[in-house]
Amino acid sequence: MTEGTTSAAAEGADTLTRLEQEGEIAADYLEGLLDIADLDGDIDMDVEADRASVSIISDTGSRDLQKLVGRDGEVLEALQELTRLAVHRETGDRSRLMLDIAGYRARKRAELSELGAKAVAEAKSSGAPVRLKPMTPFERKVVHDAVKAAGLRSESEGEEPQRFVVVLPA
C-alpha cells in the first residue's frame, strides 16, 4: 500500500467511526424520548450514503409510532432536527443524520422515486421542463437522485416552503 492509500483508508475508518458515534448518540436521545412519551419502539442504526441513519420500528405494528410521524411527516422532520441538535451538542459537529419512523421515509422514498421516473418520462416525451409540486428538502433530494439515475438533469426553484423540482428535458 502506498502512503496515500493508507491515509484514505484511515480517513474512511475515521468517518465510519464518527457516523457510528452519531448513531449511538441519536439512539440514546430517541430512547429517552420514547420513554417520556411512553411509546414502544426499537431503535435500528446504520450508516448509509455517508450519513448516520436511525430508525424507530415496532414489532407490534403499533399505530402509536404514527404519532411521531405526524401529518405529512411534519413531526418526524421536527424530531430529526431535535435529534441532530442533540448529536451536535455532544460532538460539536453538524450532523446530517437521517431519521425514519415506522418505515415512513422508506415508503416516501419509493413513492418519490416513482414520481421522479414519471416526470422523466413526461419530460422526454414532451421535450418541455416538468415542474413538480413544492417539496421538503428530503423529498427534493430523492426526486433529484431518481432523475439523475434516469439520465436527465433537474434543479430546484422557488423559496422555502414553496421550493419545487423542475425536471429538464435532454
Side-chain angles (χ1 to χ4, degrees), residues 1-113 116 134-146 148-149 154-156 158-165:
M1 262 196 223
T2 66
E3 188 175 312
T5 307
T6 305
S7 175
E11 187 176 304
D14 288 346
T15 299
L16 180 61
T17 300
R18 181 181 51 78
L19 293 174
E20 288 172 343
Q21 178 190 17
E22 282 186 20
E24 292 287 337
I25 294 166
D28 290 345
Y29 177 77
L30 292 166
E31 283 177 1
L33 285 177
L34 288 174
D35 286 345
I36 291 168
D38 196 27
L39 296 172
D40 290 326
D42 295 320
I43 309 287
D44 185 33
M45 295 175 295
D46 201 0
V47 174
E48 299 172 358
D50 292 333
R51 66 172 52 184
S53 174
V54 179
S55 300
I56 301 175
I57 54 177
S58 175
D59 293 336
T60 62
S62 171
R63 296 198 39 85
D64 285 345
L65 288 183
Q66 293 304 317
K67 295 174 187 172
L68 297 179
V69 173
R71 190 185 64 168
D72 296 328
E74 290 174 339
V75 176
L76 170 59
E77 289 288 335
L79 286 173
Q80 177 175 278
E81 286 307 309
L82 289 171
T83 305
R84 286 177 175 176
L85 286 171
V87 170
H88 181 268
R89 185 186 67 229
E90 291 288 323
T91 65
D93 295 326
R94 182 180 175 275
S95 174
R96 295 177 52 233
L97 177 129
M98 185 63 67
L99 176 62
D100 191 7
I101 299 174
Y104 175 83
R105 280 205 200 274
R107 287 188 303 277
K108 193 75 172 171
R109 184 175 279 122
E111 291 170 14
L112 291 165
S113 293
M135 298 178 188
T136 66
F138 163 75
E139 293 169 333
R140 290 193 310 270
K141 170 82 168 94
V142 172
V143 172
H144 285 305
D145 290 347
K148 183 178 180 182
S154 60
E155 53 191 38
S156 293
E159 298 293 324
E160 295 292 352
Q162 297 300 312
R163 201 153 166 80
F164 59 94
V165 174

Minimum heavy-atom separation for [X] and [Y], please, with both atom names.
X: Ser58; Y: Leu65; value: CB-CD1, 3.5 Å
X: Pro134; Y: Pro161; value: CB-O, 3.8 Å
X: Glu160; Y: Arg163; value: OE2-CD, 3.7 Å
X: Ala102; Y: Arg107; value: O-NH1, 2.9 Å

Got a sec: does the CD of Glu159 have more than 12 other heavy atoms crowding it under 6.0 Å? no
Exam field: side chain Ser55 to backbone Ile57, donor-acceptor pair closer than 3.5 Å: no
Tell me whether Arg140 contacts the main-chain N or O of Val165 through its side chain, where contact means a donor paired with an acceptor under 3.5 Å. no
Would you sort out whether Gln21 and Thr17 count as a side-chain contact (heavy atoms from CB on, under 4.5 Å), showing the intermediate values? CA-CA 6 Å; Gln21 178 190 17; Thr17 300; 5.7 Å; no
Could I get the full list of salt bridge (Lys or Arg N to Asp or Glu O under 4.0 Å) partners for Asp28, not counting sequence neighbours? none
Is it true that Lys67 and Asp64 make a salt bridge, defined as a side-chain N closer than 4.0 Å to a carboxylate O? yes
Please list every donor-acceptor pair under 3.5 Å in which a side-chain atom of residues 68-87 meets a protein atom from a residue at least two apart or in another chain.
from, atom 1, to, atom 2, distance (Å)
Arg71, NH2, Glu74, OE2, 3.4
Glu77, OE2, Arg105, NH1, 3.2
Glu77, OE2, Arg105, NH2, 3.3
Gln80, OE1, Leu99, N, 3.0
Gln80, OE1, Arg105, NH2, 2.9
Glu81, OE2, Arg84, NH1, 3.1
Thr83, OG1, Leu79, O, 2.7
Arg84, NE, Leu97, O, 2.9
Arg84, NH2, Leu97, O, 2.9

Pairwise distance [atom1]([X]) to [atom2]([Y]) - rounded to 0.5 angstrom:
X: Ser95; Y: Arg89; atom1: OG; atom2: CZ; value: 13.0 Å
X: His144; Y: Ser156; atom1: NE2; atom2: OG; value: 3.0 Å
X: Glu20; Y: Thr15; atom1: CD; atom2: OG1; value: 11.0 Å

Please report the C-alpha distance between Phe138 and Lys108 in whole Å, then the side-chain angles of each, then the deciding distance to 0.1 Å, and finally whether the side-chain contact (heavy atoms from CB on, under 4.5 Å) criterion is met. CA-CA 10 Å; Phe138 163 75; Lys108 193 75 172 171; 4.1 Å; yes
Can you give each donor-acceptor pair under 3.5 Å made by side-chain atoms of residues 42-52, sequence neighbours left out, with the distance rounded to 0.1 Å?
from, atom 1, to, atom 2, distance (Å)
Arg51, NE, Arg96, O, 3.4

Exactly one of Val54, Asp35, Ile25 should register a side chain to side chain contact (heavy atoms under 4.5 Å, CB included) with Leu30. Which one does? Val54
Yes or no on salt bridge (charged side-chain N to carboxylate O under 4.0 Å, His left out) for Asp14 and Arg18, after CA distance, side-chain angles and deciding distance? CA-CA 6 Å; Asp14 288 346; Arg18 181 181 51 78; over 6 Å; no
